[in-house]
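Presented below is the structure to which this report refers.
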Amino acid sequence: MLDAAMIALENLLVPMRLLFLFFGVLMGLALGAIPGLGGLVGLAILLPFTFDMDPYMAFAIMIGLISVTSTSDTIPSVLFGVPGTSAAQATILDGHPMAKKGEAGRAFGAAYAASLIGGVFGALVLAVSIPILRPIVLAFGSPEFFMMGMLGISMVAVLSGNAPVKGLIAGGFGLAIGMIGMDPQTGMIRWAFGALYLWDGIPLVPVALGIFAIPEIVDLVIKGTRITDVPKEKLKGVMVGIQDVFRHKFLVLRCSLVGVWVGFTPGLGASVVDWFAYGHAIQTEKGARETFGKGDVRGVIAPESANNAKEGGALIPTIAFGVPGSASMALLLGAMTIQGLAPGSAMLTKHLDVTYTMIWSLALANIMGTAICLAFTPTLAKVALVRIHLLAPLVIAVVFLASFQASVHYGDIWSLLFFSLVGWFMKRFGWPRPPIILGLVLSKLVENYLYISVSRYGAAFLLRPIVIIIALLTVASLFYGFRMMGRPGEATKTSIGFKFNFASLFTLLFFVLFALGVFTAREWQIQARLFPWVVGIPVLALCTYQLVKDLFFRQEASDEAEALGFMDLPVDRSVPVSLVIKRALNIFGWILGLFAAIWLIGFVVSVPLFVLLYLTLQAREKAWIAIVYTIGMLTFIIGLFHIILSIPWPEGNFPQLEQLILQWF
Amino acid sequence: MTIAFGSTPAGAAEEPYYKGRTIRFIVGFTPGGGHDLYTRLIARYIGKHIPGNPSALVQNMPGGGSLIAANHIYKVTKPDGLTIGKWASGLIRQQLMGRKDIEFDSRKFGWVGAPGQDHLVCTIAKASGFANWRAVMASPADRPLIIGGIAPGTSLSDDPRLLQAALGFPMSLVEGYKGSADVRRAADAGEVHGGCWGWDSVKVTWKDSLDAKTAQVLVQVMPTKHKDLSDVPTAFEFAKTDEARQLLEISANGGRLLRNYAMSPGTPKELLQIVRKGFSETMKDREFMAAAEKAGLDTDPLNGEEVEKLVHDLFKTPPQIVERLKQVLLPK
């Protein structure tokens, strides 16, 4: 085995192959740093080119690419609170506040060092587990996957922090969104209201960008300054962050293990690995309740070590059984097939050298990726000093373009808009948002695997040893979560009496949504209705409770008490409410305008036009800045989305202008 | 010179229509699946075989079980011979059954061809205890064959249902799996007995268990046996009635059509002919064949006319069989 590993290393250490690995890494870093794009689009583009390569080269470039998207995805997460890929959502909770405190460099240093260790750890686990890969994969069946999903859902409790009822409602909301689309047991289409777009369910990207990215940009614009007010000289640097990682080495190792495990479980992977690790960190780190969500470096280290480690885990079922846990792994499997390499035991015997090439590629790519990112960090950290009015149009435009990549359908833009509003109001009114993501991702997984487990084994599936172990972990996680929930912020004062305000209106919205959901499900067949009702009815009760509390018993607490144990980004209250409303209407007006323009005249014209108008009318930047910026944006759209990614643009209602521009290029 | 959309390419001396143009393949699924892979392979070689050597690229338009892409090709795409679509062939069958959100008439597409035909088989793990298909047919109702499926409307679920309706053996269909790989894992782990999908994929991905004789192909749902599977019975041998044979034929038909490609209706005949010819020649391209063979893909192509005939044949299904189809396949 060691021989094969050495031969594989020799095979890889050929200049041409290293160059391909490096090229893959560069592509991966670029894709990871652009929100909404990730390894998948890169792999899809690369695949045809690998047909002519030898397997070592093909896997060097492909693995190079997927290994590092979760290294660079930290960049927008920390700087703008916009997750670079779905694996870096949790990073924003502490990474972005760090940037606001002038610690962007430190956050990057910690994230990259954690990514490196996590990535190499994942490769190592994969390498040493080769002799037992197949038994491991077979030991995990539908009952175990169901229990893993439940463990994930139990994180809702801990991520609800000091707002347990709101957190549970948010989690239920996520679960309900996850149920939209076809129910595999009956073929019934749930809550799609005739929209074909909703058949396969709402994709994660527009939801994640909607609830996290847009609200953050909106709030930055409302504040109107820069990301950080800390002067340049006082910015904390990369080295501090790297040292942080070594100080918290056991956290890094634990979260890397979490990453490998979540990566290994099909259906979990990138979309929730960061939340698993973040939740785990809150449960196990001292004082996490007080400092997480406010710029604690441990909140960056945890998700970042896990999200790089996941690839090592995800490769296990892919190589050993040809069972891809994610779309990226499916593409990798495609490349294996094209290379004539059948996944399975041959990869662990006859083609062991290829398998080891993959593992070495994974490890080397992580090292390369971290080195490159570190080199750019001092420059990137200064982005936090740029005027927000210059950054906002760029970020908003990229978020729109990125959301649209989910299914290349207007529905993606509708989803983005809806969840932007929901996300912003949740943030303002103190609702934790992470439970939505957990619910959305885990909903169908839990429902399907529960159904399969029960129909196959009956209740006996609960007696399988691994199921029992994961169930115990789930119970422990829930216990911890509820214990934490039980401690309300100190110094709260309750005022009694009827008062109607925006916050209660927002709660009412949830109430209405759930009431409609439960009501419309009444005619469905029992299998299709069971899960929606099991979730929907208790959540409806919680909504009622929250509504009564909002209307009659308001708790008033100081800002500090309110922020204590709140597991989401804090709200900046320095701007007076009247001004917040005015500025929010303004910026949401711009966002709606962009939305309408895309519908009318298509993406290619609207996005640069939006940038131009925003810079001149809103930001009142100099004409030359606006023009250069706009041309840059147009080049970016055409170059990346039109030429490289060859997106099939939907036609606006007046397509001529768009065609003119595209033809000109 | 350029030619306006819808007009015919002029004399042979002129520059070919496709010169400097790009052919787009629209795949109604996310990247990474079998359809996506096949399409990317074809896109790589097809340009060589079309006069003017157009470039070709692949775009993914997932959603609605690929119905979004199918409707898109039918309604939105210009009939300019530059867009070729790939979506689930099961949708043709669903049009036959009168599904309401289908906005196309399958008979009107410009069918380009299919690179291979899916040879539908049911494969099970040995641990299931069924030695052969006869044992399944003779099994008591309380010992059914447990088949893993995805959801109604997908071939992994619908084909076993049709097989069961035709032959009447005890079967329990467990749905909710993500795809054939997931079902295969479940079968190897003893969660289900097996599943039904194409031999192409089975022989590559399930090779380990087939070699170790821990899995076996139980039955093939095609009127003729595959050359690799001479000792495996076909379901047709067990069909007792005309209705049973017709139901099986519909299943087999779906397999033959599984990999087909189409252009929007109204594509000028000349352009369709050029693309059909280019497609057929690609299938004979030595490099393409070598690549497909290495990947274990069967190249048993159908040309555009053959696909068109199969589609039209499907719509000649007698009304009582269509009723039976609805009864078996539509969600209750």
Most contacts with chain A, counted as non-hydrogen pairs under 4.5 angstrom, among B:T22, B:D211, B:T205, B:L67: B:L67

Residue among B:G64, B:G149, B:G296, B:A186 with most heavy-atom pairs under 4.5 Å to chain A: B:G64

Carboxylate-amine/guanidinium contact B:D159 B:R93, below 4.0 Å: yes

Contact origin within A:Y457 toward chain B - heavy atom pairs under 4.5 Å: side chain

Cation-aromatic face contact B:R143/B:F130, 6.0 Å, 45 degrees: yes

Mutual orientation of the aromatic rings belonging to A:H409 and A:Y197 [parallel < 30°, tilted 30-60°, perpendicular > 60°]: parallel

Atom group of A:E447 that falls short of 4.5 Å from chain B, counting heavy atoms: neither

Which atoms of A:I189 approach chain B - backbone, side chain, both or neither, heavy atom under 4.5 Å: neither

Residue selection (most heavy-atom pairs with chain A, distance under 4.5 Å) from B:M61, B:K207, B:K178: B:K178

Which portion of A:A139 sits near chain B, non-hydrogen atoms under 4.5 angstrom: neither

Salt-bridge present (B:D36, B:R40; N to O < 4.0 Å): yes

Most chain B-contacting option - heavy-atom pairs closer than 4.5 Å, from A:A44, A:G344, A:G322, A:A342: A:A44

Test applied, ring-ring contact (aromatic ring centres under 6.0 Å, His included); reference residue, A:F145; option that passes from A:F461, A:Y451, A:Y449, A:F264: A:Y449

Options B:L41, B:D182, B:T154, ranked by heavy-atom pairs under 4.5 Å with chain A, top entry: B:L41

Toward chain B, the part of A:S407 with a non-hydrogen atom under 4.5 Å: both

A:S271 and A:S86: side chain donor to acceptor below 3.5 Å: no

Heavy atoms of other groups near B:K294 NZ, more than 12 under 6.0 Å: yes

Partner chain A: residue of B:V192, B:T30, B:I146, B:N60 with the largest heavy-atom pair count (under 4.5 Å): B:I146

Under 3.5 Å: donor-acceptor pair, side chain of B:E175, backbone of B:S157: no

Closest-packed option against chain A by number of heavy-atom pairs under 4.5 Å, given B:A212, B:A151, B:A291, B:G179: B:A151

A:R456 bridged to B:E191 by N-O distance under 4.0 Å: no

Residue B:I150 versus chain A: region with a heavy atom under 4.5 Å: backbone

Choice from A:V137, A:D183, A:D200, A:L138 maximising heavy atom contacts with chain B below 4.5 Å: A:D200

Chain B interface, residue from A:A330, A:S142, A:P48, A:P343 that has the most non-hydrogen pairs under 4.5 Å: A:S142

Max heavy-atom pair count under 4.5 Å with chain B, selected residue of A:L198, A:I338, A:I647, A:I45: A:I338

N/O donor-acceptor pair under 3.5 Å between B:D285 side chain and B:E287 backbone: yes

Lys/Arg cation over aromatic A:F321: A:R134, 6.0 Å, 45° cone: yes

Contacting moiety of B:R185, where chain A heavy atoms sit under 4.5 Å: both

Proximal component of A:I452, with respect to chain B [non-hydrogen, under 4.5 Å]: both

Whether B:T214 side chain and B:S209 backbone form a donor-acceptor pair below 3.5 Å: yes

Partner chain B: residue of A:A327, A:G340, A:G201, A:A406 with the largest heavy-atom pair count (under 4.5 Å): A:G340

